[in-house]
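All values derive from a computational prediction rather than experimental measurement.
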Amino acid sequence: MYSKILQFPKDFAWGTATASYQIEGGVKEGGRVPSIWDTFSHTPHKIEDGKTGDVAVDHFHRFPEDIALMKQLGLKHYRLSLAWPRIIVDEKGTIEPRGLAFYDHLIDALLEAGITPYVTLYHWDLPQYLQDIGGWENRKTVDAFLRYAEVAVQHFSDRVENWMTFNEPWVASFCGNLNGAHAPGKKDVPVALQVAHHMLLAHGKVVRIIKDIAPKAKVGIVQNLAWVEPATQKDEDILAAVRWDGAYNRWFTDPVFNGSYPEDMVSYFGNHMPVMQESDVEAMAAPIDFLGVNYYTRRLVAYDSQDQFIEAKQTYRAYVPRAEFEEFEVWPEGLYKVLTSVKEKYGDIPIYISENGTTLKDVVSADGCVHDPSRVAYLHDHFSAVHQAIAEGCDIRGYFVWSLLDNYEWGFGFSKRFGIVYVDYEDDLRRIPKDSAYFLAGVARTNTVKVQSL
Ligand code: FCB
C-alpha cells in the first residue's frame, strides 16, 4: 500500500452549494410571492413523498446557524441562489424591499464569517405570475428576468463578485417541459426547445447587463454535463449517444461558446426548432468568465425507437455502482472526461465544479453521529478525478459539493438526502454534520486529497 498526496492549486475554492427553494422555506414571509415550484409541489401526485418546500429546512430563519456551521467547518466558499419571487413581486416589476433585506442579512453574515458568496440568479423558482403569461415560453419572461437581474446586481454587486446566471438550463427546460417531472410540468418537445432558447438568450443578455453594472464581476453559467458513451459499438447505439450528447450537452454549451446550435441536432429537431430572432445567436454567446459544471453521472446510451424525443435511452452495466438516485452511475472518471472535453471543444475557460455529490439513506447512529463512508469515498474519488484534469492543464478554480444540507430534492421531496450536514426532519430540523462534512473540512483546510493504492 502506498499513499500519495494530491495538492490542489493555490486559492482553490472549496465549498458547498444550495438553492433557494430547496432550503429556505418561509414561502409566505417577507412579501415573497408564489413560484412555479409552490404551485407544482402543491399539486397532488407531483412529488414522490407529497411534500412541499413551504418550510424546507427553514434556512430563511436559520441562516445564521447554517453560516456558523460553514465557518466552523472552515468552508470559505458558498454557492447560493436568490429567489426571484422574493425580489420582484409582480409583472409590473415592483421591487420588494424585504426580499432584498433578507439577502442583505444573509450576504453580510457570510462576508462577516469570511465566506465568499457565489450567487446564482435562476435556480428554477420562476414567479408564478410569469408562468401565468406563458413562463419561459413567452419572450416577455426574458425581459422580466433582465429587470430582476438588474435590480439584484445593482443592489448586491458591492458585496458579490461572482455571479452565475442560470442553473442547469437543460433540467429547467426539459424536465419542466418535456418529461413533466419538474415545474411547470409540461410534456411538449417544441415548448421545451423554446423555453431552452429563451433561457440561453436571457443568459447571454444578462451577462452584458452584469458587466455594465459591475465591470469587475466574474460571470458564468452553470451547466450539468454528463459523460456520454454508446452502450455498444453498433451504429444505431453510437448515433443515439451522439444525439444524447447533442441534446443534453452540446445544445446548451455550443450557443454559449460558439453562438450556434449544433448543426446535427438542428436538422434532427427540424420543425420543432424554436422561434428566434436573428440577433439571438450573437446575444447568447456573450463572453463569460467561467463555466460552472454540475456533474453527477455518466450516461450509457442505446437506440430506442420508442423515445419520442431523440430515439435514445440510458442503459446500465450491472457491475457499475449506482447512487441511491438510480439514474446516476457512480463514475468519477466521467468528471475527468467532461472537464478535458470542455477544454478540447471550447478552449481554456476557467471552470468551477458548481455541483457534485451523492444521495444516501443516511441515519443517525447510536453515537449521535451520521457516518456516511460511501459519500466520503464518492467525494474522494471525484476530487481525485478533478485533480487529474488539473494535472492535464484544465483551469479548475473550485469545487462546490452538493449540498451543504439535506434538503427538498424537487420531485423527490425530502426522500433523498444529498447534504454533508444531516437535517433531522423528525426533530425540529436539527443539523448534524456527517462524516463527509469533516472530510471536506480536512480537504479544504489542507488543500490536498490523500490517495491510497495497493
Ligand atoms: C441538480 C440541481 C440541484 C440538486 C441536484 C441533486 O440537478 O441543480 O438543485 O437537485 O441536482
Side-chain angles (χ1 to χ4, degrees), residues 168-171 173-175 178-182 189 192 196 222-254 262 264-265 268-269 291 293-346 351 353-360 374-375 377-386 388-389 392 394 402 409-412 416 418:
E168 302 187 348
W170 95 242
V171 174
S173 52
F174 292 179
C175 292
L178 183 67
N179 66 25
H182 280 195
V189 176
V222 172
Q223 305 275 15
N224 52 324
L225 304 179
W227 180 248
V228 182
E229 287 175 15
T232 74
Q233 286 310 306
K234 278 197 254 158
D235 281 354
E236 59 178 23
D237 289 341
I238 292 174
L239 290 173
V242 170
R243 284 196 300 277
W244 190 293
D245 181 54
Y248 294 100
N249 289 331
R250 289 178 289 124
W251 195 257
F252 293 89
T253 44
D254 277 14
D264 55 335
M265 297 312 294
Y268 186 81
F269 288 140
L291 175 69
V293 171
N294 290 359
Y295 175 81
Y296 287 97
T297 189
R298 168 181 79 161
R299 306 270 186 192
L300 199 58
V301 175
Y303 172 68
D304 177 11
S305 61
Q306 302 302 304
D307 174 53
Q308 311 219 327
F309 182 43
I310 52 167
E311 296 165 287
K313 67 172 175 207
Q314 188 177 358
T315 62
Y316 301 93
R317 298 267 192 261
Y319 60 84
V320 175
R322 310 246 288 273
E324 188 211 350
F325 217 74
E326 288 223 306
E327 70 172 275
F328 290 170
E329 287 184 335
V330 178
W331 193 259
E333 191 194 334
L335 176 52
Y336 159 77
K337 290 197 158 159
V338 160
L339 296 171
T340 46
S341 76
V342 166
K343 181 176 160 74
E344 245 164 59
K345 270 194 245 152
Y346 305 115
I351 292 178
I353 312 307
S354 33
E355 281 180 31
N356 172 249
T358 195
T359 166
L360 295 172
S374 310
R375 184 175 288 105
Y378 178 99
L379 293 176
H380 172 278
D381 294 350
H382 285 78
F383 295 166
S384 306
V386 169
Q388 195 185 343
E392 289 179 24
C394 293
W402 185 270
E409 181 46 40
W410 309 112
F412 294 92
K416 300 281 180 269
F418 270 96

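With hydrogens and angles ignored, the 3.5 Å screen pairs no side-chain donor or acceptor of Arg250 with any backbone N or O of Asp254. Side chain of Thr315 to main chain of Leu300: a donor-acceptor pair is present (N/O by atom type, distance under 3.5 Å, no hydrogens or angles). A distance-only check finds a donor-acceptor pair linking the side chain of Gln223 to the backbone of Phe252 [under 3.5 Å]. Of the possible donor and acceptor atoms, none in the side chain of Thr359 sits under 3.5 Å from a partner among the backbone N and O of Phe418. Listed for the Asn224 side chain is no donor-acceptor partner under 3.5 Å among the backbone atoms of Asn294. Of the possible polar contacts, one joining the Asp237 side chain to the Tyr303 backbone as a donor-acceptor pair under 3.5 Å is found. Judged purely by atom type and a 3.5 angstrom limit, Arg375 uses its side chain to pair as donor or acceptor with the backbone of Thr358. Here the side chain of Arg299 pairs no donor or acceptor atom with the backbone of Ala241 at under 3.5 angstrom.
Within the 4.5 Å cutoff, the side chain of Trp170 has heavy atoms near those of the Cys175 side chain. A heavy-atom distance below 4.5 Å is found between the side chains of Tyr336 and Glu392. Using a 4.5 Å heavy-atom cutoff, the side chains of His382 and Ile353 are not in contact.
Atom OH of Tyr295 sits about 8.5 Å away from atom CH2 of Trp331, to the nearest 0.5 Å. Taken from CD1 in Ile351 to CG in Leu339, the straight-line distance is 5.0 Å, to the nearest 0.5 Å. Once rounded to the nearest 0.5 Å, the distance linking OG1 of Thr297 with CG of Leu225 reads 12.5 Å. Atom NE2 of His182 and atom OG of Ser173 lie 11.5 Å apart (nearest 0.5 Å). Here OG1 of Thr253 is found 8.0 Å from CG of Leu291. Values are rounded to the nearest 0.5 Å. Note that CZ of Phe383 and CG of Asn356 are 7.5 Å apart. Values are rounded to the nearest 0.5 Å.
Residues satisfying the side-chain contact (heavy atoms from CB on, under 4.5 Å) criterion with Ile310, sequence neighbours excluded, are Arg243, Trp244, Ala247, Tyr248, Met265, Tyr268, Phe269, Asp307, Ala312. With sequence neighbours left out, the side-chain contact (heavy atoms from CB on, under 4.5 Å) criterion links Ser384 to Leu6, His380, Val449, Val451.
When all heavy atoms of Val222 and Ser354 are compared, the closest pair comes out as CG1-OG, 3.4 Å. When all heavy atoms of Pro332 and Ala385 are compared, the pair lying nearest together is O-CB, 3.4 Å. When every heavy atom of Gly357 is checked against every heavy atom of Tyr378, the shortest pair comes out as O-OH, 3.1 Å. Nearest heavy atom pair, residue Ala231 against residue Arg317, reads O-NH2, 2.8 Å.
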Between Glu355 and Glu168, does a side chain to side chain contact (heavy atoms under 4.5 Å, CB included) hold up when you go through it step by step? CA-CA 10 Å; Glu355 281 180 31; Glu168 302 187 348; 4.0 Å; yes
Walk me through whether Val320 and Val330 qualify under side chain to side chain contact (heavy atoms under 4.5 Å, CB included). CA-CA 7 Å; Val320 175; Val330 178; 6.0 Å; no
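The aromatic rings of Tyr296 and Phe328 sit parallel to each other, their planes meeting at less than 30°, with 60° as the upper class boundary.
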